[in-house]
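See below for the structure under consideration.
The basis for the numbers below is simple: all heavy atoms, side chains too, and nothing from hydrogens, waters or symmetry mates.
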Amino acid sequence: MVLTGSRDQADDLAQAACARALEKSEQFQPDSNLRAWVFRIAQRLWLNDRRAAAVRRGNGVVSVDDFELIDASPDAESNIFAAQVLSIVADLPEAQREAVMLVYIEGFAYKEAAEILGIPIGTVMSRLSAARSKLAKQLVEEGPNERQA
């Protein structure tokens with residue numbers, strides 16, 4: 001769901017990634033991280049699909065309104081704040097958004113995120129730092145509950 005923002009699309013992507021992983025199983029290195037390898041496959045499939053959709057529709061950006069990540073629990077303030085943060089995260093540049101999603105949402109370690117993204121660990125740390133700064137600045141500027149999801 002980190003990549004797609006939708007449970008249905010996430011299910012389809014997971015199925016496609018598993019199928020691709022089985023097709024390419026000879027490329028997996030036994031002493032490497034299987035979870036990171038499969039996530040990278042899913043990421044590539046998703047990016048290819050987004051590129052194709054961008055060509056068909058002209059943009060291909062997923063609206064924050066299409067995300068289904070907000071819990072419908074009785075705590076409305078938490079949901080509003082989560083929607084506000086998610087909206088700001090969705091507005092981050094793609095490189096920063098990917099790093100945030102991998103580390104803070106999926107729980108990958110910096111090293112694992114670097115391997116998945118194919119970049120140095122320092123770059124992951126830099127992207128996360130920049131994203132945290134933008135999030136903090138925007139949350140302070142807008143104040144609680146001013147941004148609509």
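Contact record, A114 with P120: CB-C, 4.0 Å, taken as the closest heavy-atom pair.
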Please tabulate, for side-chain N and O atoms in residues 32-41, each donor-acceptor pair with protein atoms closer than 3.5 Å (sequence neighbours left out).
residue: S32; atom: OG; partner: Q29; partner atom: O; Å: 2.6
residue: N33; atom: OD1; partner: R35; partner atom: N; Å: 2.9
residue: N33; atom: OD1; partner: A36; partner atom: N; Å: 3.1
residue: N33; atom: ND2; partner: E112; partner atom: OE2; Å: 2.8
residue: R35; atom: NH2; partner: E106; partner atom: O; Å: 3.0
residue: R40; atom: NE; partner: I116; partner atom: O; Å: 2.7
residue: R40; atom: NH1; partner: Q43; partner atom: OE1; Å: 2.4
residue: R40; atom: NH1; partner: I116; partner atom: O; Å: 2.9

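The distance from the NZ atom of K137 to the CD1 atom of I88 is 12.0 Å, given to the nearest 0.5 Å. Atom SG in C18 sits 9.5 Å away from atom CG in L13 (nearest 0.5 Å).
A search for side-chain contact (heavy atoms from CB on, under 4.5 Å) contacts involving Q96 returns L92, P93, R127, A130, A131, K134, not counting sequence neighbours. Qualifying salt bridge (charged side-chain N to carboxylate O under 4.0 Å, His left out) partners for E26, counting only residues two or more places apart in sequence or in other chains: none.
Remark: side-chain polar atoms of R97 are not paired, donor with acceptor, to backbone N or O of V89 under 3.5 angstrom. Distance alone, capped at 3.5 Å, places no donor-acceptor pair between the S129 side chain and the M125 backbone.
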